[in-house]
**Student:** 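Please read through the structure below; I'll follow up with questions.
All values below were derived from every heavy atom in this structure, side-chain atoms included, with hydrogens, water molecules and symmetry-related copies excluded. Lettering follows sequence order; numbering is per chain, from 1.
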Protein chains: 2
Amino acid sequence: MQGELSGGKVVVAGSEAGILAKGYGRKKDRLELSLEEAAFLFETGKISRIKEGEERELNLEEFLKRALDISPEFELRYLVYRDLKERGYVVQPGGVDFWLYPRGAKPGEKPARYFIRILSERGFLSLKELDALLILARNMRKEPIIAVVDEESDVTYYEVKEAKFEFVEKGEGKAEEIGKAKATLLGDRVVLWDTDLAKNLHINNFYGKLTKEKRLLLSLVEAAYLMKKNVLEIDTGQFIEYASSIESDFMDKYVVYEYLREKGLIIKTGFKFGSHFRVYKAANQKHSSYLIHVLPEEHVFSMPELARAVRLAHGVKKRMIFARTFNQRIRYVDVGRMKL
Amino acid sequence: MQGELSGGKVVVAGSEAGILAKGYGRKKDRLELSLEEAAFLFETGKISRIKEGEERELNLEEFLKRALDISPEFELRYLVYRDLKERGYVVQPGGVDFWLYPRGAKPGEKPARYFIRILSERGFLSLKELDALLILARNMRKEPIIAVVDEESDVTYYEVKEAKFEFVEKGEGKAEEIGKAKATLLGDRVVLWDTDLAKNLHINNFYGKLTKEKRLLLSLVEAAYLMKKNVLEIDTGQFIEYASSIESDFMDKYVVYEYLREKGLIIKTGFKFGSHFRVYKAANQKHSSYLIHVLPEEHVFSMPELARAVRLAHGVKKRMIFARTFNQRIRYVDVGRMKL
């Protein structure tokens, strides 16, 4: 089988039907292969020769260099294409970067299940782009995958989903029915001195840290929520303003905190895991199920930053969720490692 | 036992000898307790009353508020102090923040082993400060600990050390003795076409990624090192300049790469772990032993960023090492979680 490089495509003459059936190329008035498809078939010996123009025959090295001249993204795309083909997937250039079909599927017979966005280890991805991938996915009824090519030419795949929070129904002891007591603002936390209320809040709803002396040390978000629920009274005038002066992202964190507490989830600091929050499905759960990191709308991830967060969450069997806040509304994006 | 708050200290009258012997306070012409010591003794009932001036007696809440007025860092310091006391350590205010003695030791009899630097979850620590802690430690013959107080009022301890790299002696097959071949620069990586050299470099020294077709895909740092070692020839004039145009921190990464390769260590991308490099003690090691993240001299860590990096490394049984480069020299700082 021979091909001719022309107009950024490789046109194949002869025996087109066979390779078309195997999921390569597209049929217009003649069979055209993308640069990645052609490079793969050339490198694996299925295409024996590629010409450019009437005279010039390209060897593999020359073809790869030409492809890179034509498309600066070719090299990354080709590494991902090869990786997916070698894993037995049917993959077609198109969509965001590629369409991915289930193993053994034939394009045209079954729809693609995923679309793939390709990035280099050195690339950047904004939270807005992540969100845009989700909107696109919903409209196209596909699932998005991010493929990151590292320096070792290995590809790591990440699934991107709208976060779904599961929770166990809240037991007895709703905060608002417990009682009410005075508390003291002490620097960047709040101390509740009423030992009965302290024990109740901590044991039944996992608020704060209970000291040996049965005083409850509450974080600023916890205190703000309990004030709203009429459980705490703190004789500081402008609590929100004060808290915001200590934590510039206090309101963003608070909005997330309130949303999840209202659902019956238990939400505590995720500091030890490098995130703002860790979230339990209920107060009696031994391990938290989600890590949440609250980010400003305009945040841009470096790929190692994303890799580090997701890998850590994966290692401790939690979902990594990025909360993007804007105008006190929130969108939750769940990014996970994907074994293809 | 009673105390009097005066000049930012609590002066104790009566039975001083007993508490001095237990490691509290300092004896000048009279026994003085730091605010943290006094708060702890007051909260645990060892001090029954604290007065301020002749007339005014403070309850615990009032004392804590006054202490915070006097020292804005009091609350964080007190949380760390309490935590260490409850773990059975002898701790004394002083040094950077506190001195820490082995359990059961008496200050004055044995020297402190550690000094502690206290930060809040919301704090920042520059790479330069980390480095300064190491210099201080060397001069004082102590070991530095970073204590981070999180929103839940829990304290996480990190040990900071100068990184020590262990390595297994290099086997046969030094890169420079293997041969020499031409390679092609392809975008942000390099392809070596000579299949014998490719196998040799990959199998014996774990360079690059070997494709099914026995071509070797090398990263830019690997290629630069092998060019220097006279193993590769790449017909691109200014390779370093080209590489630096793709990766702005190429030279910093390269300096680290060369340093470790010259020691006989094997160094590969650490992307999957969110770091620049993972490092093996030898080519035949199954798991890498170190993660290295290369940072500019002026880098400033947020505490969650540090926590995430160290926790991840800990979870995969590697040491987290931050390489700080300046004028093409490098300092390696090893930060690890510490169970006290």
**Student:** Under a 4.5 Å heavy-atom cutoff, which of B:Lys212, B:Glu305, B:Glu213, B:Glu222 has the most pairs with chain A?
**Tutor:** B:Glu213

**Student:** Do you know which two heavy atoms are closest between A:Ile292 and A:Ala323, and how far apart they sit?
**Tutor:**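 Closest approach of A:Ile292 to A:Ala323, heavy atoms only: CG2-CB, 4.0 Å.
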
**Student:** Under a 3.5 Å threshold, yes or no: a donor from one side chain and an acceptor from the other, between B:Glu152 and A:Ser219?
**Tutor:**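 There is no such pair (donor and acceptor under 3.5 Å, judged by atom type) between the side chains of B:Glu152 and A:Ser219.
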
**Student:** If you tally heavy-atom pairs under 4.5 Å against chain A, which of B:Glu121, B:Lys65, B:Arg122 wins?
**Tutor:**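 Option with the greatest count: B:Arg122.
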
**Student:** Counting only heavy atoms closer than 4.5 Å, note whether A:Val316 contacts chain B via side chain, backbone, both or neither.
**Tutor:** side chain

**Student:** For chain B, which of A:Met303, A:Glu86, A:Arg82, A:Arg337 has the most heavy-atom pairs under 4.5 Å?
**Tutor:** A:Arg82

**Student:** Chain B: which of A:Gly274, A:Ser120, A:Gly315 shares the most heavy-atom pairs with it under 4.5 Å?
**Tutor:** A:Gly274

**Student:** Which one, A:Val191, A:Thr44, A:Val310, A:Asp154, leads in non-hydrogen pairs under 4.5 Å with chain B?
**Tutor:** A:Asp154

**Student:** Between A:Val221 and chain B, with a heavy-atom cut-off of 4.5 Å, which part of the residue counts as in contact: side chain, backbone, both or neither?
**Tutor:** side chain

**Student:** With only heavy atoms counted, which part of A:Arg189 is less than 4.5 Å from chain B, the side chain, the backbone, both or neither?
**Tutor:**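 For A:Arg189, backbone and side chain are both near chain B.
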
**Student:** Please tell me whether A:Thr184 and B:Glu61 have a donor and an acceptor in their side chains that are separated by less than 3.5 angstrom.
**Tutor:** yes

**Student:** Are any non-hydrogen side-chain atoms of A:Phe271 and B:Val148 less than 4.5 angstrom apart?
**Tutor:** yes

**Student:** Hey, which of B:Leu306, B:Asp188, B:Leu217, B:Leu220 has the most heavy atom pairs under 4.5 Å with chain A?
**Tutor:**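 Most heavy-atom pairs within the cutoff with chain A belong to B:Asp188.
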
**Student:** Non-hydrogen atoms of chain B under 4.5 Å away: do they reach the side chain of A:Thr156, the backbone, both or neither?
**Tutor:** side chain

**Student:** Using non-hydrogen atoms and a 4.5 Å limit, figure out which bit of A:Glu75 sits close to chain B: side chain, backbone, both or neither.
**Tutor:**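 A:Glu75 touches chain B through side-chain heavy atoms alone.
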
**Student:** Angle class for the A:His293/A:His276 ring planes (parallel below 30°, perpendicular above 60°, tilted otherwise)?
**Tutor:**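 It falls in the parallel class, under 30°.
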
**Student:** Given the options B:Asp150, B:Thr211, B:Leu79, B:Leu76, which has more heavy-atom pairs under 4.5 Å with chain A than any of the others?
**Tutor:**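 Most pairs with chain A among the choices: B:Asp150.
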
**Student:** With a 4.5 angstrom heavy-atom cut-off, could you sort out which part of A:Leu68 is near chain B: side chain, backbone, both or neither?
**Tutor:** side chain

**Student:** Side chain, backbone, both or neither: which part of A:Ser302 has a non-hydrogen atom closer than 4.5 Å to chain B?
**Tutor:** neither

**Student:** Would you say that A:Arg87 contacts A:Tyr157 through its side chain, given a criterion of any heavy-atom pair below 4.5 Å between the two side chains?
**Tutor:**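 Yes, close enough: below the 4.5 Å cut-off.
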
**Student:** Are B:Phe40 and B:Tyr78 near enough that their ring centres are under 6.0 Å apart?
**Tutor:** no

**Student:** So for B:Tyr158, is it side chain, backbone, both, or neither that comes closer than 4.5 Å to the heavy atoms of chain A?
**Tutor:**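 Side chain only.
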
**Student:** Using 30° and 60° as the class boundaries, would you call the ring planes of A:His202 and A:Phe206 parallel, tilted or perpendicular?
**Tutor:** perpendicular

**Student:** Below 4.5 Å from any heavy atom of chain B, which atoms of A:Ile246 appear? Answer side chain, backbone, both or neither.
**Tutor:**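 Contact with chain B is through both the backbone and side chain of A:Ile246.
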
**Student:** Could you tell me whether B:Glu151 and A:Lys268 have a side-chain N and a carboxylate O separated by less than 4.0 Å?
**Tutor:**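 Salt bridge flag = no for A:Lys268 with B:Glu151.
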
**Student:** Are A:Leu60 and B:Arg215 packed together at the side-chain level, in the sense that at least one heavy-atom pair is separated by less than 4.5 angstrom?
**Tutor:** yes

**Student:** Can you confirm if the aromatic rings of B:Phe301 and B:Phe322 lie within a centre distance of less than 6.0 Å?
**Tutor:**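 Judged by ring-centre distance (under 6.0 Å), B:Phe322 and B:Phe301 do meet the cut-off.
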
**Student:** What residue, out of B:Pro304, B:Gly45, B:Gly208, has the most heavy-atom pairs lying under 4.5 Å from chain A?
**Tutor:**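 Maximum pair count with chain A is reached by B:Pro304.
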
**Student:** Checking heavy atoms, do the side chain of A:Glu73, its backbone, both or neither come under 4.5 Å from chain B?
**Tutor:** neither

